[in-house]
Amino acid sequence: MEQARKGELIEPADISEEQAIAELARLSAILAQANLDYHGKDTPTISDADYDELKRRNTAIEEQFPHLKRPDSPTEQVGGPLADGFSKIRHEVRMLSLGNAFDDDDVVEFDARIRKYLGLSETDRLAYTAEPKIDGLSLSLRYEQGQLVHAATRGDGEVGENVTANAKMIGNIPQTLADAPEVLEVRGEVYMSHADFAALNSAQEVAGAKSFANPRNAAAGSLRQLDPNITKSRPLAFFAYAWGALSYPLAETQMAAIARLGALGFQINPLTKICNGPSELVAHYKEIEIARPDLGYDIDGVVYKVDDLTLQRRLGFRSTTPRWAIAHKFAAELAWTRLEAIEIQVGRTGALSPVARLAPVTVGGVVVSNATLHNEDYIKGLDSKGGEIRGGKDIREGDLVQVYRAGDVIPKVADVDLSQRPEGAVPYVFPQTCPECDSAAIREEGDAVRRCTGGLICPAQAVEKLKHFVSRGAFDIDGLGAKQVEVFYHDDQLKIREPADIFTLRARDAQALTKLKNRDGWGETSARNLFDAIDERRKIPLNRVIFALGIRHVGESASNLLARHYNNWADFDLAMREAASQEGAAWDDLLSIDGVGAVMAASLTQAFAQEAEYASILRLVQELDIEAVERPAQDGSPVAGQTVVFTGTLEKMTRAEAKARAEALGAKVSGSVSAKTNLLVAGPGAGSKATKAADLGVKVIDEDEWLALIGDA
DNA sequence: GATCCTCGAGTTCA
DNA sequence: CTCGAGGATC
């Protein structure tokens with residue numbers, strides 16, 4: 001924020017009215033941005049002192065020219081996120097992502113998988129739709145009684161951002177629909193054409209504004225404007241290709257449903273075509289690939305979907321992707337650049353990860369200067385099973401390497417040009433000791449990663465553990481992000497070396513020579529806010545605490561299972577210590593949890609058996625008020641005391657979730673159907689268990705009926 | 001024992 | 001987003 005430097009400011013008293021107008025606009029923008037940075041990110045972009053100074057200046061000018069006060073004046077904003085951007089909208093039907101195919105074989109496999117799942121032979125007819133995959137950003141439009149009521153971005157698939165006002169500014173999105181279902185969510189892609197993109201960028205240049213790297217960035221930037229008038233001035237368009245919630249089905253096939261959307265007034269892609277079998281799909285893919293440069297908009301692949309909607313329903317979903325669709329991606333853009341150095345990073349679990357430092361190069365519209373090298377074998381040109389990658393060529397410092405962005409995101413090294421290898425380049429020697437703490441770095445038999453054995457002695461591991469501790473699914477303390485934790489770790493006075501230290505920070509600050517509020521970038525208010533935010537988190541649910549401990553193999557999902565099983569800290573703590581011998585009732589009980597195996601159990605109990613680590617855990621727990629997870633009353637639950645078996649694919653919950661939920665309701669969950677079974681919940685793909693249940697006269701219901709039964713529909 | 005699926009851990013850049 | 005690996009299922 002260059003312009004925010006105090007030295008460049010003119011004294012308010014000297015400025016003209018014109019200058020005041022410009023200055024108020026500028027201050028309002030800077031302060032709004034600072035607010036966003038402060039609340040939304042780990043590191044404030046300007047110090048508290050600068051912030052206060054700018055705000056004072058704003059007030060002074062407003063007092064001098066009251067009539068120039070802006071409607072969005074910073075003085076009118078009371079604390080809190082001034083514009084946390086957009087409100088949130090929960091999608092009634094989740095917005096999923098797609099699985100990927102990278103070559104023709106993947107497409108053949110996709111078809112084979114579906115046929116197997118549906119019980120079709122190779123010769124049975126199975127139609128797919130194939131359409132270009134637009135490279136923009138997805139948007140969900142909700143219409144009620146034919147009126148556009150809201151528009152939301154994909155977000156994390158569950159909750160998106162409310163961009164209704166902006167969506168209404170997009171020319172080819174209808175605001176009203178004639179003859180549509182009472183509820184209709186239309187999904188599609190917002191994009192910008194090449195011509196419009198070029199025109200926008202030259203206009204930006206003339207106006208002295210920054211230009212966009214590519215049409216997708218331009219489209220994303222234009223849709224996520226707080227001022228809809230800016231969106232209006234940007235040439236955005238929308239292709240419809242799917243739907244979410246619906247009051248009645250649009251058609252019986254994908255193709256007909258899309259045609260219906262076209263008839264309702266949405267732009268649909270003319271290159272959508274019915275294909276029978278993998279060879280026709282691939283043929284259409286090649287056609288689209290040839291047409292690609294002349295389409296006038298960016299696409300990054302071709303999407304295949306099972307055409308028959310009944311079959312789509314039968315195929316259902318995996319956790320984040322539908323089984324009935326796949327995206328066949330075009331080869332990623334490649335670029336050659338020099339690999340300047342290989343550096344080693346140490347992660348929370350001690351994993352040594354090699355990273356390539358590259359001479360900056362543009363790949364797919366983004367400047368890349370780092371790339372992941374995964375592990376020791378990857379550098380050598382070996383894959384996990386001892387096979388070869390890059391034709392077995394190893395990577396050396398100084399090499400000319402070809403990089404691409406996997407999934408258009410993560411930079412990787414695709415190839416090495418041996419003819420350009422500098423003379424004297426030697427094979428990379430992977431360190432055998434931790435570069436941060438010099439402890440031995442050991443690679444377990446059969447493991448791909450080498451790990452630092454320093455444990456808590458290793459500063460890198462300690463810092464990464466702390467970063468994990470304050471991360472989103474864990475303690476998530478406002479104003480204490482990864483950056484701050486690292487600073488505090490190294491601070492001589494306010495040292496935060498383990499989680500418990502966070503909670504003693506306020507008390508220790510009171511004793512410190514230089515109090516936090518007197519330091520650079522801090523002030524009275526921000527220091528107090530931080531201490532308050534920390535105190536607010538003392539009361540915390542058990543599952544978050546377990547996750548925050550950062551025990552290897554125990555992530556968010558396992559923490560939820562454990563918390564539900566043990567219900568409160570005292571019981572969990574006791575069980576972990578009793579199970580330390582890795583035998584006996586407590587150990588068996590731990591392993592009986594669906595989703596917990598021997599490896600995870602051993603990792604867990606070790607953390608509680610190891611003296612220093614356990615002491616650190618106790619110091620933390622002492623500072624907290626850990627909430628037991630709610631265990632719904634079991635009395636009167638419709639499944640209390642019953643034995644339930646799940647089989648087939650569950651679509652709305654994982655098997656582990658289903659089991660935990662059923663147990664919470666007092667049911668016993670078993671793995672096989674027997675005479676004692678009361679109920680079988682069968683998803684698609686159920687096999688022998690369903691047959692056996694029928695033989696034994698056990699009641700069989702599907703997932704939806706189950707959810708309705710337990711009142712979770 | 002093979003195979004499918006999900007989770008955990010690590011990674012980049014705007 | 002992707003890889004590796006743990007866990008469940010057949």
Side-chain angles (χ1 to χ4, degrees), chain A residues 40-41 97-100 102 109 113 116-117 210 212-214 216-218 220-221 224 317-321 323 327 329 332 343-358 360 362-375 377-378 383-385 389 403-413 444 446-449 451 461 464-465 467-468 471 473 547 550-561 591-603 645-651 653-659 669 671-672 683 685-689:
Chain A
K41 294 184 193 161
S97 50
L98 294 177
N100 291 320
F102 295 104
E109 224 170 77
R113 211 162 46 225
K116 188 175 165 204
Y117 199 96
K210 71 170 179 87
F212 294 98
N214 54 50
R216 186 185 34 187
N217 284 2
R224 301 184 72 262
F317 302 90
R318 304 216 308 237
S319 65
T320 58
T321 59
R323 276 196 197 80
K329 293 298 201 67
E343 283 176 21
I344 302 286
Q345 294 179 355
V346 182
R348 163 167 75 86
T349 61
L352 304 194
S353 314
V355 177
R357 304 293 175 207
L358 307 167
T362 302
V363 194
V366 179
V367 178
V368 164
S369 43
N370 300 303
T372 175
L373 294 173
H374 285 120
N375 55 49
D377 286 347
Y378 187 87
D383 73 9
S384 59
K385 290 167 202 83
I389 45 177
V403 297
Y404 69 105
R405 296 201 305 147
D408 276 337
V409 182
I410 313 286
K412 294 196 166 185
V413 174
E444 300 275 348
D447 250 8
V449 291
R451 291 195 149 82
Q461 284 193 54
E464 292 304 314
K465 269 204 140 170
K467 285 183 185 169
H468 171 79
S471 69
F547 176 58
I551 296 164
R552 182 134 91 98
H553 299 129
V554 183
E556 211 161 358
S557 141
S559 301
N560 288 334
L561 293 174
L591 283 175
S592 78
I593 303 173
D594 203 341
V596 176
V599 174
M600 192 194 290
S603 175
V645 175
F646 293 95
T647 187
T649 314
L650 301 175
E651 293 169 354
M653 50 193 172
T654 65
R655 197 158 282 273
E657 270 174 351
K659 183 169 181 190
V669 178
S672 55
S688 58
K689 282 185 202 169

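Here is how names work: the chains are called A, B, and so on, in the same order as the sequence lines, proteins then strands, and each is numbered from 1. These numbers come from the heavy atoms of this one structure, side chains and all, not from hydrogens, waters or symmetry mates.
- Among the heavy atoms of the strands lying under 4.0 Å from Phe102(A) are primed sugar atoms or P, OP1, OP2 only; no base atom is included.
- Checked against dT2(C), dG8(B), dT12(B), the side chain of Asn100(A) finds its nearest nucleotide in dT2(C).
- The side chain of Lys412(A) places no N or O atom within less than 4.0 Å of a non-bridging phosphate oxygen (OP1 or OP2) of dC1(C).
- Nucleotide dT2(C) holds its C1' atom 9 Å from the OH atom of Tyr404(A), rounded to whole Å.
- Of all nucleotides listed (dG6(C), dC13(B), dT11(B)), dT11(B) comes nearest to the side chain of Ile410(A).
- Here dG10(B) presents its C1' atom at 13 Å from CG of Leu373(A), a figure rounded to the nearest Å.
- Proximity note for Arg552(A) (side chain, C-beta onward) versus dC3(C), dC7(B), dA9(B): the nearest is dA9(B).
- Considering only side-chain atoms of His374(A), the nucleotide from dC5(B), dC3(C), dC1(C) that sits closest is dC3(C).
- Closest approach to the Thr349(A) side chain among dT11(B), dA9(B), dC13(B) is made by dA9(B) (side chain taken as heavy atoms from C-beta onward).
- The side chain of Thr372(A) approaches dT11(B) more closely than any other nucleotide in the set dT11(B), dG10(B), dG8(B).
- Rounded to an integer number of Å, the gap from CZ of Arg323(A) to P of dC5(B) is 6 Å.
- Regarding contacts with the backbone of dC13(B), a side-chain N or O of Ser369(A) is found under 4.0 angstrom from either OP1 or OP2.
- Per the geometry, CZ belonging to Arg348(A) stands 12 Å off C1' belonging to dC7(B), to the nearest Å.
- The residue Val449(A) sits apart from the nucleic acid: no heavy atom pair falls under 4.0 Å.
- Checking dC13(B), dG8(B), dG10(B) against the side-chain heavy atoms of Ser353(A) singles out dG10(B) as nearest.
- With dT12(B), dG4(C), dT11(B) as the candidates, the nucleotide lying closest to the side chain of Asn370(A) is dT12(B).
- Distances were taken from every side-chain heavy atom of Lys116(A) (C-beta onward) to each of dC3(C), dG8(B), dC4(B); the shortest belongs to dC4(B).
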